[in-house]
Novice: 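Have a look at this one.
Throughout, a chain's letter reflects where its sequence line sits, starting with A, and its residues are numbered from 1. These figures come from a predicted structure and were not determined experimentally.
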Amino acid sequence: MKVDVALIDRLSNLAKLRFEQDEKEDLAGKLESIIGFVDKLQEVPVQGIEPLIHMGDAVNVWRDDAVHMEITKEEALKNAPLADSDYFKVPKVLKKK
Amino acid sequence: MNKESYEAVIGLEVHAQLLTKTKAYSSDIAEYGGDPNTHVSVVTLGHPGTLPVFNKRTAELAITMGLATHCKIREHNLFARKNYFYADLPKGYQITQDQTPICTEGYVEIGESRKEKRIGITRIHMEEDAGKSIHELDPYFTLIDLNRAGTPLIEIVSEPDLRSGEEAYEYLTEIRKLVRYLAICDGNMEEGSLRCDANISVRKKGASEFGVKVEVKNMNSIRNVKRAIDHEIERQIAAIENGETISQETRSFDAAAGTTFSMRSKEAAHDYRYFPEPDLPPLRIHAAMVEEIRSGMPALPKELQKRYEQELGLSTYDAALLTAEKSVVTYFEALIQHTTRYKAAANWILGPVREWLNAGARDMDDFPVAPAQLAALLALIDEGKLSFSAAAQQLLPVWVEEPDTAPDALAQKLNLIQETDEAFIEQLVDEALKAFPDKVAEYRNGKKGLIGLFMGEVMKRSKGKADPKVATALLQKKLEA
């Protein structure tokens, strides 16, 4: 699969990451070789085989609807890069209008 | 512009917050409100290394809604990750169902019972809500409250079967009625526990292809959904008539102006990169579980409405009002165990009782008079011992304060029992006629309206207690004699 700078741009946009032009070219080459490595798998015939999504046979691993509180607000906010006493704080998200 | 040559094609996506105690994938409380960031857990916060555990109740409520809308219930369910980057979604993905919605191919009926229209339900799937972003509180930052994050939702997707804002209004009203009735969701559109997006396109009548669809968001009441759709249909028809092309986009409803404006175009559409959620094992919904849920469900409003119309002889209007709320149905069902005066029973619930409820912003469950007691009151009125107006205006306000008093005892105490003794009333009628010989002559000369005057006279002489039915009959008999 061909990986070009346009694809790197799209992926970095989705991942909210920013790269310089030389980094993009470097990444394009590296990503292409990684995908090429994984592409090898495409050669295995898999017609008629159900995709394996879960490693075990477990189904219906569920719990009853009972409240169990484990952490406080202070603990919740403790590891945030930015917070006040009540809220997480993030860069201003402009309301679209 | 020739509006008549176009038809609109509308599908609705409704998100309903489920009335569970806990979140969809963790055991922290799912209650609305609370101090910010107090209804959270490490799973809700998306901390590394934490794993979701599914809330069985989420599936039960989704299946309940599926059964209420005649859906097929899927046996083998998977969860999927829907990836997007936003501050109120700490994990960076929403756990939802992509290829395997738990309910499919159902319908709801809208319109009056004799000209019903079926609106198809494409699918109902389970997912989780995001947190809340607060833009106004802080001038430099957006604040995030994650209390709502992880709250279970169902998304109910309709077929593009709706043709007008009015039909969308009826459909949404029916969905809201069902989720409230079945205690799936509290249905509060203002607080956002029930949300609706509309996909709208227009096409020339008779065309087989759909037009380009526009998605409209941010309509926080059923009435606004109708207004937004009506406006959007007009806007699209006008654009086509002007030779413009409709672009596929997302628009937002401006409730103050009654118009829609563009939020984002499809070119900037998200790439959600769905893939199966590896952290949650599949669900296998066995037929026995579905049957258990089905057998625990009450008769649905539409079924009851039909029964009330056909078997009890109530009007469509009354039957629809009676079946709008579960608590009203419960009371009415108990009431008709004690009386066959169905029409009177409906009139009392929808008249004096409802007035009392509304006056104090009360719920039907707050009405203190037992159904058997109210049935006894209906009998008293029917037998002519008490007039409807005396019962409604004088007895009821006292009764709700002492609901255990039997209605006949209370009516006697309040001196409201009507005189039905014919001999006694006849005497009063004779007195009344004797007092106005000239009016009697006028009546006999054709001035029939004068019967009101004689009735007033009889009532005065009986201190308001003569049974009006008996008095009227006697007056007519004597005057026509």
Novice: Rounded to the nearest 0.5 Å, what separates atom NZ in A/Lys16 from atom OH in B/Tyr84?
Specialist: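 Here the rounded value is 11.5 Å.
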Novice: Any idea which of B/Glu277, B/Arg57, B/Lys21 has the most non-hydrogen atom pairs under 4.5 angstrom with chain A?
Specialist: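 Most heavy-atom pairs under 4.5 Å with chain A: B/Lys21.
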Novice: In terms of heavy-atom contacts, does CZ of B/Arg273 have more than 12 from other residues, nucleotides or ligands at under 6.0 Å?
Specialist: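 Atom CZ in B/Arg273 is packed in, count exceeds 12.
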Novice: Report, as yes or no, whether the 6.0 Å neighbourhood of atom CG on A/Asp64 holds more than 12 heavy atoms from other residues, nucleotides or ligands.
Specialist: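 For A/Asp64, atom CG is not crowded (no more than 12 foreign heavy atoms under 6.0 Å).
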Novice: Can B/Leu283 and A/Trp62 be said to form a side-chain contact (heavy atoms from CB on, under 4.5 Å), step by step?
Specialist: CA-CA 9 Å; B/Leu283 296 184; A/Trp62 51 31; 3.8 Å; yes
Novice: Between A/Lys92 and B/Asp138, is there a salt bridge with N-O shorter than 4.0 Å?
Specialist: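 Judged by the 4.0 Å cut-off on N to carboxylate O distance, B/Asp138 and A/Lys92 do not form a salt bridge.
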Novice: Where on A/His54 is there a heavy atom nearer than 4.5 Å to chain B: the side chain, the backbone, both, or neither?
Specialist: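 Only the side chain of A/His54 comes within 4.5 Å of chain B.
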Novice: Between B/His47 and chain A, with a heavy-atom cut-off of 4.5 Å, which part of the residue counts as in contact: side chain, backbone, both or neither?
Specialist: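 Only the side chain of B/His47 comes within 4.5 Å of chain A.
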Novice: Begin from the C-alpha positions of B/Ile144 and A/Val90 and carry the test side-chain contact (heavy atoms from CB on, under 4.5 Å) through to its verdict.
Specialist: CA-CA 7 Å; B/Ile144 305 293; A/Val90 299; 4.0 Å; yes
Novice: Tell me, for A/Asn79 versus chain B, whether the close heavy atoms (under 4.5 Å) come from the side chain, the backbone, both or neither.
Specialist: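 The side chain, not the backbone.
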Novice: Given a strict heavy-atom distance threshold of 4.5 Å, which part of A/Ala66 is in contact with chain B: side chain, backbone, both, or neither?
Specialist: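 A/Ala66 touches chain B through backbone heavy atoms alone.
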Novice: Do you know which of A/Arg63, A/Met55, A/Glu75, A/Met69 has the most heavy-atom pairs under 4.5 Å to chain B?
Specialist: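 That would be A/Arg63.
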Novice: Which bit of B/Ser41 is near chain A, if near means a heavy-atom gap under 4.5 Å: side chain, backbone, both or neither?
Specialist: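 For B/Ser41, the backbone is the part near chain A, not the side chain.
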Novice: Going from CG on A/Asp86 to CG on B/Leu143, what distance comes out if it is rounded to the nearest 0.5 angstrom?
Specialist: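 Rounded to the nearest 0.5 Å, the CG-CG separation comes to 9.0 Å.
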Novice: Are there over 12 heavy-atom neighbours, none belonging to A/Glu20, within less than 6.0 Å of that residue's CD?
Specialist: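 For A/Glu20, atom CD is not crowded (no more than 12 foreign heavy atoms under 6.0 Å).
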Novice: Just give me the residue among B/Tyr25, B/Tyr140, B/Phe141 that pairs up with chain A most often, heavy atom to heavy atom, under 4.5 Å.
Specialist: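 Looking at each option in turn, the highest pair count goes to B/Phe141.
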Novice: Of the backbone (N, CA, C, O) and the side chain (C-beta and beyond), which part of B/Ser26 lies under 4.5 Å from a heavy atom of chain A, both, or neither?
Specialist: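 For B/Ser26, the backbone is the part near chain A, not the side chain.
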Novice: A/Phe88 and B/Leu45: side-chain contact (heavy atoms from CB on, under 4.5 Å), yes or no, with the steps?
Specialist: CA-CA 11 Å; A/Phe88 297 94; B/Leu45 298 174; 3.8 Å; yes
Novice: Among B/Thr142, B/Leu146, B/Asn37, which residue satisfies the side chain to side chain contact (heavy atoms under 4.5 Å, CB included) criterion with A/Tyr87?
Specialist: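 Running side chain to side chain contact (heavy atoms under 4.5 Å, CB included) over B/Thr142, B/Leu146, B/Asn37 with A/Tyr87 returns exactly one hit, B/Asn37.
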Novice: Between B/Asp271 and A/Leu14, does the side-chain contact (heavy atoms from CB on, under 4.5 Å) criterion hold? Intermediate values first, please.
Specialist: CA-CA 8 Å; B/Asp271 176 358; A/Leu14 287 169; 3.8 Å; yes
Novice: Can you tell me if CD on B/Gln99 sees more than 12 non-hydrogen neighbours from other groups inside 6.0 Å?
Specialist: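 No, the 6.0 Å shell around CD holds no more than 12 heavy atoms from other groups.
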Novice: Indicate yes or no: at least one non-hydrogen side-chain atom of A/Val67 is less than 4.5 angstrom from one of B/Asp28.
Specialist: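 No. Closest side-chain heavy atoms not under 4.5 Å.
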Novice: Are there more than 12 heavy atoms of other residues, nucleotides or ligands under 6.0 Å from atom NZ of A/Lys78?
Specialist: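 Count not over threshold, so no.
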Novice: To check you understand the geometry: which heavy-atom pair defines the closest contact between A/Ala58 and B/Pro281, and what is its length?
Specialist: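 For A/Ala58 and B/Pro281, the tightest heavy-atom pair comes out as O-CB, 3.5 Å.
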Novice: If I measure from the heavy atoms of chain A, does B/Phe275 come under 4.5 Å with its side chain, its backbone, both, or neither?
Specialist: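 B/Phe275 has no heavy atom closer than 4.5 Å to chain A.
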Novice: Side chain, backbone, both or neither: which part of B/Pro139 has an atom under 4.5 Å from a heavy atom of chain A?
Specialist: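 Backbone only.
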Novice: Test side-chain hydrogen bond (donor to acceptor under 3.5 Å, both in side chains) on A/Asp65 and B/Thr20; report intermediate values, then the result.
Specialist: CA-CA 7 Å; A/Asp65 186 27; B/Thr20 57; 4.6 Å; no
Novice: Is A/Lys89 in contact with chain B via its backbone, its side chain, both, or neither, using a 4.5 Å heavy-atom distance?
Specialist: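 Contact with chain B involves both backbone and side-chain atoms of A/Lys89.
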